[in-house]
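Just so it is clear: chains get the letters A, B, ... in the order the sequence lines come, proteins before strands, and each one is counted from 1.
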There are 2 protein chains.
Amino acid sequence: MAARAGVSKSLVSLVLRGDPGVSPARRGAVDRAIAELGYQPNRVAQVLGARRSGTVGVLLNDLRNPWFVDLLDGVTATLDTLGFSPVLIDSATLRRVGGSPVEQLLKQQVDGIIVVGTTEDGEQLRRAAAVVPVVLSGTYEPADLGPGVEVDVVVNDDVDGAAAATRHCVELGHSRITHLQGPGRVGDLRAQGYRDAMAAAGLAALTVPGGMSEESGYAAARRVLAGAPRPTAIVAYNDLAAIGALSAAHDLALTVPEQVSIVGYDNTYLAKIRHLSLTSVENGTLAIGVHAARFLVERIGGKTPARRVHQVPASLVVRRTTSRPGV
Amino acid sequence: MAARAGVSKSLVSLVLRGDPGVSPARRGAVDRAIAELGYQPNRVAQVLGARRSGTVGVLLNDLRNPWFVDLLDGVTATLDTLGFSPVLIDSATLRRVGGSPVEQLLKQQVDGIIVVGTTEDGEQLRRAAAVVPVVLSGTYEPADLGPGVEVDVVVNDDVDGAAAATRHCVELGHSRITHLQGPGRVGDLRAQGYRDAMAAAGLAALTVPGGMSEESGYAAARRVLAGAPRPTAIVAYNDLAAIGALSAAHDLALTVPEQVSIVGYDNTYLAKIRHLSLTSVENGTLAIGVHAARFLVERIGGKTPARRVHQVPASLVVRRTTSRPGV
DNA sequence: CTGTTAGCGCTTTCAC
DNA sequence: GTGAAAGCGCTAACAG
């Protein structure tokens, strides 16, 4: 301990925390001692003493989905300005080794948890939510986290985003448009946006389950594109599934966008890869991350408003996988 | 505290740690009390008391490079079986918000650090290496971490991998093969493998700097492919750069693989996307992660062997971006 | 403004 | 085998 500066522990503590009520002289002495000793405060001891860790758990369900990583950027940046730091945990990886992601976070004394995307750890989250604040981002699930527990939700406007994607196809002149539906509530909402847009255009809707991975999107699209009458456009649940659809088209010797147009969702860096150049729905990933972090920190700070659902707008980014049909 | 079982703190501590020297009766009592109370040991207090955290910092320099994520799988799985858990930290994200990744880890009292891929935090790592063991995976840098500090290195055989990629092109009948060189020592080694293979075939080598991102690969390839005489094959530093090259070819209306063959490196899931279907060098990502974790835990355990350099073999995976020239 | 005094919840000698 | 006691390095009232 830097009693080297000739002061007490508490003074050091105050200086470290940037307390305004410390005389410049003393502060200088402490700062100098810190520098000389190369003193590094021990986070662990700080946490134990203050019984708050200044960390928030970020529960990603798959580090391989680029959307999560984008969202993480917003979360990290915001958390940082608010004095917190994220503890990442990839449930896919951890579950593979038999661990329990949420408990892991709790034992590490995180002050709160941000759930990113549809998760399978619902039951554990219920228990966690009784102990620390939780906010859901990019998902509505688990919807109910226990009696009296209010959980904020930050999402994009899935209905509108999917509707925009669908309308884009309609406006290009497509009439046989199939939707590859994804899992969970978000999947349902996107499907609904699709159906709304189809109905508004007086077209018949057709949705098939397409999962949320490249693999599952490939399989679904392959089936759809091999059938008759073949759709001329596919609106996918996310970019990964859309890329699977791209591959399916390729394998069936169908050219994109000439013979089949394809739209993704999330506008991840995959969509931006020039060689793929996927038309996709931008869903305000960064803003979602920012708001999720902000909401959580508010609750950690003791505010306990009723459940808030914040929606950021979605917008379509047109690239090279969509065009008029049969062009 | 579960003195509820009618025993002392220390006994609980022993039971928790699975110490063999505890009578079954007492153990039962403690276990029961734990269950009844839903007792969760406080990790933070454990760490403070035991002055070892059981965590190891994993310093990723970019969560967006899929290769890192793959490697992480091996690290996490191995760490877990050895009783440690990883603390991920993405220096790109953190630096963006002005933090210092390595110090962050140190303050969290990690027991050791695994560096994944070429990093820019060399100076900080030197300081860290004086305090906790460090192992480098997928990189040789920073090469010198201070006097008397031994650091293990786990990598793939970059020279051989790049040579295999190049030989593949040679055997297909290509003679104008350009290499997009990446950064750091790894970039140098891959360039050397390329040159070796070219020399062995009696061909003239040509390397140009191509970075390690899609963007930079695109720019480099675009320049190369627009020049004359145009190469008929490109061996890229990694998959990301290769995909950039794919896009460049596309933009120049050159067909792949007919007019230009392209080989990547790392065999990430990007290469496996059917619509890209990139020929790539598999570099034993998982094995690298496993060994890195193992080496680190050994050192944490107190072993201090001389610097070890472990190399896992590389092998080529041929997909659809390579063929005979002009076919 | 500054120093004192208790803990935070566990691990660890070290006796019994 | 088991318990008592002394910390781990800090924070947080509280009293000067």
Q: Let me know the distance between CD of Gln46(B) and P of dG9(D), rounded to the nearest Å.
A: 17 Å
Q) Toward the 5' end of DNA chain D, which comes first, Ser23(B) or Ala45(A), by nearest nucleotide? A) Ser23(B)
Q.
Please check: side-chain N/O of Asp266(B) versus main-chain N/O of Thr268(B), any donor-acceptor pairing under 3.5 Å?
A. no
Q. Leu11(B) or Gly49(B): which one's nearest nucleotide on DNA chain D is closer to the 5' end?
A. Leu11(B)
(Q) Side-chain N or O of Arg26(B) versus OP1/OP2 of dG3(D): is the shortest distance under 4.0 Å? (A) yes
Q) Could you give the CZ-to-C1' distance, from Arg43(B) to dT11(C), as a whole number of Å? A) 13 Å
Q. So do Val56(A) and Ile300(A) actually touch side chain to side chain, heavy atoms under 4.5 Å?
A. yes
**Q.** Gap between atoms CG and P, on Asp111(A) and dC8(C) respectively (whole Å)
**A.** 18 Å
Q. Of the options Val69(A), Asn65(A), Leu72(A), Ile114(A), which is the one that meets Leu60(A) in a side chain to side chain contact (heavy atoms under 4.5 Å, CB included)?
A. Leu72(A)
Q. Under 4.0 Å between a Lys/Arg side-chain N and an Asp/Glu carboxylate O for Arg308(B) and Glu150(B)?
A. no
Q.
I need the CD-P distance between Gln109(B) and dC10(D), as an integer number of Å.
A. 9 Å
**Q.** Euclidean distance, atom CG of residue Asn42(B) to atom C1' of dC10(D) [Å, nearest integer]
**A.** 14 Å
Q: Pick base, sugar-phosphate or nothing for Leu48(B), based on heavy-atom distances below 4.0 Å to the nucleic acid.
A: base
Q) Over how many whole Å does the gap from Arg52(B) atom CZ to dC10(C) atom P extend? A) 16 Å
(Q) Closest approach to the side chain of Ala50(B), judged atom by atom: which nucleotide of dG9(C), dT11(C), dC10(D) is it? (A) dT11(C)
Q: Would you kindly compare Leu14(A) and Val47(B) by the position of their nearest DNA chain C nucleotide and give the one closer to the 5′ end?
A: Leu14(A)
